[in-house]
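This one's a predicted model, so the numbers in the text were calculated from it and none came from an experiment.
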Amino acid sequence: MNFKNLIYVSAISLLLLNCSGDSDEVTPPTPTPATITYNNTVKNIMSGNCTSCHGTPTTNGAPVSFTTFSQVKTDVDKIITRINSTTNPMPPSGLMGQSNRDLIQKWKDDGLLEN
């Protein structure tokens with residue numbers, strides 16, 4: 001291999017190594033807490049997916065508000081049914097991500113803890 005080709009191969013290798021290595025700009029995924037609680041997880045899911053209609057006051061014909069721990073806890077079985085329904089989903093725009101649905105189910109399975 002001549003000197004010019006060696007320089008090209010070295011430059012490309014350095015670029016590839018820099019692109020594939022860890023970067024300070026990449027944010028690692030937030031780890032799922034070992035125990036799911038309303039305050040550390042479910043509240044954010046509800047705020048991001050449900051309270052635009054199930055807020056206080058409710059809008060768009062939503063029958064109940066889901067802005068507090070007790071409101072969500074009381075209706076958790078109905079919530080789980082609707083967020084997993086393919087024929088009548090909540091939110092109405094379509095199923096929320098599987099990971100959020102799994103977290104709400106895990107919250108119920110963990111005992112519906114608030115904090």
Side-chain angles (χ1 to χ4, degrees):
M1 181 182 310
N2 67 33
F3 186 70
K4 188 175 180 181
N5 287 341
L6 182 61
I7 290 175
Y8 285 131
V9 170
S10 297
I12 290 172
S13 296
L14 285 173
L15 287 172
L16 290 175
L17 287 173
N18 284 334
C19 291
S20 65
D22 290 339
S23 170
D24 292 341
E25 295 177 30
V26 176
T27 305
T30 304
T32 301
T35 300
I36 304 301
T37 69
Y38 177 79
N39 287 330
N40 75 9
T41 304
V42 175
K43 182 177 182 178
N44 290 333
I45 295 171
M46 300 304 289
S47 293
N49 293 280
C50 307
T51 59
S52 61
C53 296
H54 293 273
T56 304
T58 61
T59 60
N60 297 324
V64 294
S65 177
F66 293 139
T67 58
T68 68
F69 165 73
S70 61
Q71 291 167 333
V72 176
K73 180 180 176 182
T74 298
D75 282 334
V76 70
D77 289 321
K78 291 177 187 175
I79 292 168
I80 290 171
T81 298
R82 290 296 302 276
I83 65 174
N84 288 304
S85 173
T86 56
T87 58
N88 194 18
M90 277 293 154
S93 59
L95 293 174
M96 70 174 78
Q98 184 66 51
S99 62
N100 283 342
R101 292 184 282 142
D102 290 345
L103 288 168
I104 292 172
Q105 182 65 56
K106 183 168 176 14
W107 175 59
K108 180 185 176 198
D109 295 345
D110 285 351
L112 302 168
L113 303 173
E114 184 172 10
N115 295 307

Sidechain-backbone polar pair: [X] side chain, [Y] backbone, donor-acceptor under 3.5 Å:
X	Y	result
Lys108	Lys73	no
Trp107	Leu113	yes
Arg101	Met96	yes
Asp110	Thr35	no
Thr81	Asp77	yes
Asn60	Cys53	no
His54	Val64	yes

Measuring only between side-chain heavy atoms, which start at C-beta, is [X] closer than 4.5 Å to [Y]?
X	Y	answer
Leu95	Ile83	no
Asn100	Asn49	yes
Gln105	Ile80	yes

Open item on the list: Pair Thr37, Asn40 - check side chain to side chain donor-acceptor pair (under 3.5 Å), show working.
Closed with: CA-CA 5 Å; Thr37 69; Asn40 75 9; 3.1 Å; yes
TODO: Indicate the atoms forming the closest heavy-atom contact of Ser85 with Asn88, along with that distance.
DONE: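 Of all heavy-atom pairs spanning Ser85 and Asn88, the closest is OG-N, 2.8 Å.
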TODO: Grab the two heavy atoms, one from Tyr38 and one from Thr68, that are nearest each other, plus how far apart they are.
DONE: OH-C, 3.4 Å
Task: Residues Ser47 and Asn44: side-chain donor-acceptor under 3.5 angstrom - done: no
TODO: Run the numbers on Met90 and Ile79 for side chain to side chain contact (heavy atoms under 4.5 Å, CB included), then give the verdict.
DONE: CA-CA 8 Å; Met90 277 293 154; Ile79 292 168; over 6 Å; no
Open item on the list: If the condition is side chain to side chain contact (heavy atoms under 4.5 Å, CB included), which residues does Thr67 pass it with, not counting sequence neighbours?
Closed with: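 Scan of Thr67 (side chain to side chain contact (heavy atoms under 4.5 Å, CB included), adjacent residues dropped) gives Thr51, Thr56, Ser65, Gln71.
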Task: CG on Leu103 to CD1 on Ile36, rounded to 0.5 Å - done: 5.0 Å
Open item on the list: As an exercise, state the distance from CD1 of Ile104 to SG of Cys50, rounded to the nearest 0.5 Å.
Closed with: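 Result: 6.5 Å between the selected atoms.
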